Protein chains: 2
Amino acid sequence: MTAEVKPSSPPLTERQEARRRRILHASAQLASRGGFDAVQMREVAEAAGVALGTLYRYFPSKVHLLVATMQDQLQHLHTTLRKRPPAGESAAERVAETLMRAFRALQREPQLADAMVRALTFADRSVSPEVDTVSRQTTAIILDAMDLPGPPDPEQLSAVRVIEHTWHSALITWLSGRASIAQVKIDIETVCRLIDLTGPEPR
Amino acid sequence: MTAEVKPSSPPLTERQEARRRRILHASAQLASRGGFDAVQMREVAEAAGVALGTLYRYFPSKVHLLVATMQDQLQHLHTTLRKRPPAGESAAERVAETLMRAFRALQREPQLADAMVRALTFADRSVSPEVDTVSRQTTAIILDAMDLPGPPDPEQLSAVRVIEHTWHSALITWLSGRASIAQVKIDIETVCRLIDLTGPEPR
DNA sequence: TTCGATACTGAAACTTGTTCTAGGTTAGCG
DNA sequence: CGCTAACCTAGAACAAGTTTCAGTATCGAA
């Protein structure tokens, strides 16, 4: 279930790889302060030491840039989470625990979270492939936490999708100050019950 | 459970009410064609026959405008839905039916849906009150569909929130072409099972 | 009816995402 | 080494959201 971010088509030279990394770093840096609005393309370019045109060659829009930033952060998160797998009894508990852990990680950088999530939901069709990658990464994290014996069945996949929807949308309501952390926790736990509903029992 | 859109603080004169209505109409009109990008503030102002500054006095940003447009459309929808209540046996069925009906309504105006939903998820804290109103309208629609005998308990409210999250997020993935209508239907039906899970049984 | 406050208009200006252009640099290859 | 294509840079230019301002119209109260 390893979901590596695709190294994509043309292999980059070392300097190009470094540029790309500098850009993503600058993006995350700026986002950590003022959130979405603070990630201004001219500033990112300057902070990364590249020309504006170059920035646009690497990331065709601000949304692309921030979604790529999210891919980057998610990969870190996934790696971190794997080191200490959740300890719950049931799959539902493990998933809820994992998501709340991820949530606390985002809490530490709320502005960064804001920038990434806003970009993700604002993305139009032209960013679909990249958004899809993020979605696959999230799915991988959840399935990892479920720690199923075999491959998931379609019903479980649907439950996972619903959990993703909830996770995503709950994050937004928290970021915009319309829900408390406690409420997010309750919603996550509520939706995770779906897992035990679909899994072992006969239908 | 009637959730009227608050008439807000200062009562408007007749001409002001008419202006406001013209603006919302122009907004919906433009959105129905090109979606979010086609709702350009200068064009809205021109189509509504008001100056740009006036448009901004009524709606302090494009996002505010589109969220207000959504409030408007939701109210229509709610009225329409009430005329023919869903017929399902269980609360879960009725909610799923209602949401799919709403979904089909949006399908008829995908560009408008795109504009409204993008605005909703892109909204930052400054739009929280308005977004909250939309959320309450949605909650009211779902609770109506559930047709509970008494007031909902906290567990049911959490289930409703999760359903809203799913509805909202599923809509986004459909609009951005990353999920089919069939998939949305499955996800809605999946999440609606939560209702029967929380309701009648003893815990 | 008249007055003062508030709202509206038209137009310019400002901001930030995005595109374009002309010229210099780099990488790979014979 | 020298060539060529692809890449990079600096900077201007353009697009659309938002703000501002001076002047005009409207409204509600005296």
Side-chain angles (χ1 to χ4, degrees), chain A residues 8-23 26-27 30-31 33-69 115-116 118-120 122-127 130, chain B residues 8-24 26-27 30-31 33-69 114-116 118-120 122-127 130:
Chain A
S8 97
S9 339
L12 301 178
T13 72
E14 210 165 308
R15 304 185 47 169
Q16 288 176 322
E17 191 53 52
R19 266 192 211 104
R20 192 187 140 85
R21 206 117 291 288
R22 285 205 308 279
I23 292 173
S27 166
L30 286 169
R33 314 204 210 308
F36 188 88
D37 292 334
V39 181
Q40 301 192 358
M41 299 304 266
R42 289 173 235 262
E43 288 200 32
V44 172
E46 188 181 6
V50 301
L52 189 56
T54 305
L55 172 52
Y56 273 94
R57 171 182 287 269
Y58 281 75
F59 301 97
S61 79
K62 174 169 171 170
V63 168
H64 281 86
L65 170 59
L66 283 170
V67 171
T69 303
M116 297 188 306
R118 295 262 292 288
L120 209 59
F122 192 57
D124 66 0
R125 297 180 115 83
S126 72
V127 203
E130 287 79 5
Chain B
S8 100
S9 339
L12 301 178
T13 72
E14 210 165 308
R15 304 186 47 175
Q16 288 176 321
E17 192 51 55
R19 267 191 210 104
R20 190 187 141 86
R21 206 117 291 290
R22 285 206 307 278
I23 292 173
L24 285 175
S27 166
L30 286 168
R33 316 204 210 308
F36 189 89
D37 292 334
V39 181
Q40 301 193 355
M41 299 303 266
R42 289 174 234 262
E43 287 200 34
V44 172
E46 187 179 8
V50 301
L52 189 55
T54 305
L55 172 52
Y56 274 95
R57 172 181 286 269
Y58 280 75
F59 302 98
S61 78
K62 173 169 172 171
V63 168
H64 281 86
L65 170 59
L66 284 170
V67 171
T69 304
D114 170 77
M116 297 189 305
R118 295 263 292 287
L120 209 60
F122 192 57
D124 65 2
R125 295 180 115 84
S126 71
V127 203
E130 288 79 5

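Proteins get letters first, then strands, A, B, ... in listed order; numbering begins at 1 in each. Keep in mind the model is a prediction, meaning the values are calculated, not measured.
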Send over the distance from [X] [atom1] to [N] [atom2], rounded to a whole Å.
| X | N | atom1 | atom2 | answer |
| --- | --- | --- | --- | --- |
| A:L55 | D:dA10 | CG | C1' | 15 Å |
| B:Y56 | C:dA11 | OH | C1' | 15 Å |
| B:H64 | D:dT18 | NE2 | C1' | 13 Å |
| B:R57 | C:dC8 | CZ | C1' | 8 Å |
| B:D124 | D:dT18 | CG | P | 10 Å |
| A:L65 | C:dT18 | CG | C1' | 14 Å |
| A:D37 | D:dT18 | CG | P | 10 Å |
| B:R22 | C:dT9 | CZ | C1' | 13 Å |

Side-chain N or O of [X] less than 4.0 angstrom from OP1 or OP2 on [N]?
| X | N | value |
| --- | --- | --- |
| B:Y58 | C:dA7 | no |
| B:Q16 | D:dC27 | no |
| A:T54 | D:dT9 | yes |
| A:R42 | C:dT16 | no |

Out of D:dC8, D:dG17, C:dT18, which has the shortest distance to the side chain of B:Q40?
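Of the candidates, D:dG17 comes closest.
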Looking at CZ of B:R118 and CG of A:D124, how far apart are the two atoms once the value is rounded to the nearest 0.5 Å?
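If I round to the nearest 0.5 Å, the distance is 5.0 Å.
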Under 4.0 Å between any heavy atoms, over every strand shown, what does B:V39 touch: base, sugar-phosphate, or nothing? Just pick one.
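It contacts sugar-phosphate atoms only.
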What nucleic acid atoms does B:F59 come within less than 4.0 Å of, heavy atoms only: base, sugar-phosphate, or nothing?
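Nothing, no nucleic acid heavy atom in range.
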B:F122 six-ring face occupied by B:K62 cation (under 6.0 Å, within 45°):
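B:K62 over B:F122 ring: no.
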Considering heavy-atom distances to DNA chain D, does A:L52 or B:K62 have its closest nucleotide positioned more toward the 5' end?
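With A:L52 and B:K62 compared, the 5'-side residue is A:L52.
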Want to settle it: does B:R15 or B:S61 sit nearer the 5' end of DNA chain D, counting the closest nucleotide to each?
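Here B:S61 is the residue nearer the 5' end.
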For B:S27 and B:I23, indicate whether the former's side chain and the latter's backbone hold a donor-acceptor pair under 3.5 Å.
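Not a single qualifying donor-acceptor pair exists.
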Criterion side-chain contact (heavy atoms from CB on, under 4.5 Å) against B:T69, the qualifying member of B:L30, B:L24, B:V39
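By the side-chain contact (heavy atoms from CB on, under 4.5 Å) criterion, B:T69 pairs with just one of B:L30, B:L24, B:V39: B:L24.
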Both A:G53 and A:F36 contact DNA chain C. Which one's nearest nucleotide lies toward the 5' end?
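The answer here is A:F36.
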CD of A:E46: more than 12 outside heavy atoms within 6.0 angstrom?
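Not buried by this count: 12 neighbours or fewer within 6.0 Å.
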